[in-house]
Structures are given as C-alpha cells and as structure tokens.
Amino acid sequence: MEPLPITLTTTLDPLAIGNDPFNLNITNIHTFKSYPDPYQGRYPSANLVYGGYWYYGTYALDDYKGECGDWCTQGPFIDFRYSPVASPVHPPQWNEPRLFLASDTDNLFHQTSKSDSKVQFGALHVIDFGKEMEYSPDKMVYLIGHGSSNPSSYDSWMQGDSVYLAKGFPDPVQINNGSGWTFLAGKAENGSPFWAPHLDDATPLFSWTNRTGVATMTYGEPI
C-alpha cells in the first residue's frame, strides 16, 4: 500500500451543554487545522479542563507498511494546545506550540516512531480525577497510554506491549515543558511509586505483549 499523502489535519472542538448526561446538546463550535509532517496523521487524544483552561492533546500516526489498511504505526504524543474554557458565545482561542513540527522528535517527550522505533507515550489519555482534578493526590495531571520499547513489536493506535504513566503540572506555562514531566519507574524502597525525570527510565504499569490497547483510567473515591 502506498503511504497516505501528507496534508493538513482537522480536529473538532465540540461543546456539550446540559446537566443530564443522557440529554446533552452537542455542538461543533470550532475546527482547528494543524500539520502532521513528517508524520502522516495527527489525531486528538488527552483532553483536560482545569483551572479555567481547556487542554487538547494530539498525537502522530504513520502508515508506512499498510498491513492494517489504517493508521498502523503509533507516533509520539505531540503536545497540548490550550485555550481559556469555551462557551456557546466564546469559541476556543487556541495557542498551539507546535502547529508545525520541526522534526520527527519535535514533540513533548522527544520521541520518534521513524525507522521502526517505538513510542511509549503516543495515544495518551488524562486520568480522570473528577471535576477540577479534586481527587488528584498532588494536583498534577496524570497521563496514561499504551506503547512499546521493543523494536520488533507491533505498536499502533490500538495495540502495544505495555501501559505507561507520566505526570506533569497542569498550567499553560508548564504543561508543554517536557523537562517538567516525570515518568513512573517502579517503586521506591518504602513501596511508594518512584517517578523518574527521564523517559528512558520509565517502566510499565503492566505489560502483555501485543495485547495492550487504548488505555484509560478513572479514579473511584473509596466508599
């Protein structure tokens, strides 16, 4: 299969209005265009509304081998664009640090999926700690996602080897500062989670070769 042509990608910014989750008015209030090059696709992933801002993450995709007929190669998580929280009369005013990518490693954690490299942090999701992250243990934003560090593994938007965790500061200045993030790297001597400052030190929350897919997590308050 021939590689898909590189072009602009368009993501939507829907707004849900109402208090009843079974009776919401969903409207498309804005579209946003960005460039995936040197990758071929750029899809939405981690989203967070916190502190008066909406953070909207995207990740890259490629389809070099075409074995699955879709986006078969998971690329790196790119970054968060952000805007003051939108309303029906005030659409998002996005600030996108990486409208264009300078290189294949120009992304939040400086990963690449080129030349059969694998990413650990691609199609990420924000762990749900409730409204305004009220149950976050340290008021940091936690990201969860699947990926792989094995060059021979199959790593796509819906398949990988392992699930990984990272955490960072949820504010417009810090959220796109890759050096401000830490990565789950096992346990400390006292049994508490150990967070490392370098992605290369990240260890999986759990692994299951070629069986981990889209990963999400929600905190459940103890009864």
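Keep in mind it's a predicted model, so treat the numbers as computed, not measured.
Proximity of a side-chain donor or acceptor of K114 to a complementary backbone N or O of P38 within less than 3.5 Å is detected. Formation of a donor-acceptor pair under 3.5 Å by the D161 side chain with backbone atoms of N210 is found in this model. Checking side-chain atoms of D79 against main-chain N and O of R98 turns up a donor-acceptor pair under 3.5 Å. Looking only at distances, no side-chain donor or acceptor of Q74 sits under 3.5 Å from a matching main-chain atom of G160. Side-chain N or O atoms of E132 include one that pairs as donor or acceptor with a backbone N or O of G51 at under 3.5 Å. Checked by atom type and distance alone, the side chain of S83 pairs as donor or acceptor with a backbone atom of Q93 at under 3.5 Å. Panel note: side chain N176, backbone Q174; no donor-acceptor pair is recorded below 3.5 Å. When atom types are taken as modelled, the side chain of S115 and the backbone of S117 share no donor-acceptor pair closer than 3.5 angstrom. Side-chain N or O atoms of T212 include none that pairs as donor or acceptor with a backbone N or O of V163 at under 3.5 Å. Using modelled atom types, one side-chain atom of K139 and one backbone atom of M133 make a donor-acceptor pair closer than 3.5 Å.
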Side-chain donor-acceptor contacts of residues 18-27 below 3.5 Å, not counting sequence neighbours, with atom names and distances?
from: D20; atom 1: OD1; to: F22; atom 2: N; distance (Å): 2.9

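Residues L12 and Y59 fall into different hydrophobic clusters, defined by Ile, Leu, Val, Met, Phe, Trp and Tyr side chains chained together at heavy-atom separations under 4.5 Å. Tracing side-chain contacts under 4.5 Å through hydrophobic residues (I, L, V, M, F, W, Y), one reaches F100 starting from F32; they form part of the same cluster. Using a 4.5 Å cut-off between side-chain heavy atoms of Ile, Leu, Val, Met, Phe, Trp and Tyr, with links allowed through other members, V119 and L101 fall into different hydrophobic clusters. At a threshold of 4.5 Å between side-chain heavy atoms, the hydrophobic network of Ile, Leu, Val, Met, Phe, Trp and Tyr places V214 and Y43 in one connected group. A continuous path of ILVMFWY side-chain contacts below 4.5 Å connects Y219 to F206, so both sit in one hydrophobic cluster.
Put simply, the side chain of Q40 reaches to within 4.5 Å of the side chain of W71, judged on heavy atoms.
There is no side-chain donor-acceptor pair under 3.5 Å between D155 and S153. Remark: the W94 side chain and the D13 side chain contain an N/O donor-acceptor pair separated by less than 3.5 Å. Counted by atom type alone, Y39 and D62 present zero donor-acceptor pairs between their side chains at under 3.5 Å.
Taking both residues in full, the closest heavy atoms of S148 and K118 are given as O-CB, 3.2 Å, listed atom of the first, atom of the second, then distance. Looking at every heavy atom in both residues, P92 comes nearest to W54 through CG-CZ3, 3.8 Å. Counting all heavy atoms, side chain and backbone alike, T11 lies closest to P44 at CG2-CG, 3.7 Å. When all heavy atoms are compared, the tightest approach of R42 to P36 is CB-CB, 3.9 Å. Listed here is the closest heavy atom pair of A46 and V126: CB-CG2, 3.8 Å. Nearest heavy-atom pair, F77 versus G122, reported as atom, atom and distance to 0.1 Å: CB-O, 3.4 Å.
Between Y55 and F80, the two ring planes are perpendicular [angle over 60°; tilted spans 30° to 60°].
Screening residues 168-194 for ring pair (Phe, Tyr, Trp, His ring centres under 6.0 Å) gives F109-W181, F109-F183, F121-F183 as the qualifying pairs, with residues at least two apart or on separate chains.
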task = Please report the C-alpha distance between T216 and T218 in whole Å, then the side-chain angles of each, then the deciding distance to 0.1 Å, and finally whether the side chain to side chain contact (heavy atoms under 4.5 Å, CB included) criterion is met.
result = CA-CA 7 Å; T216 61; T218 300; 6.0 Å; no

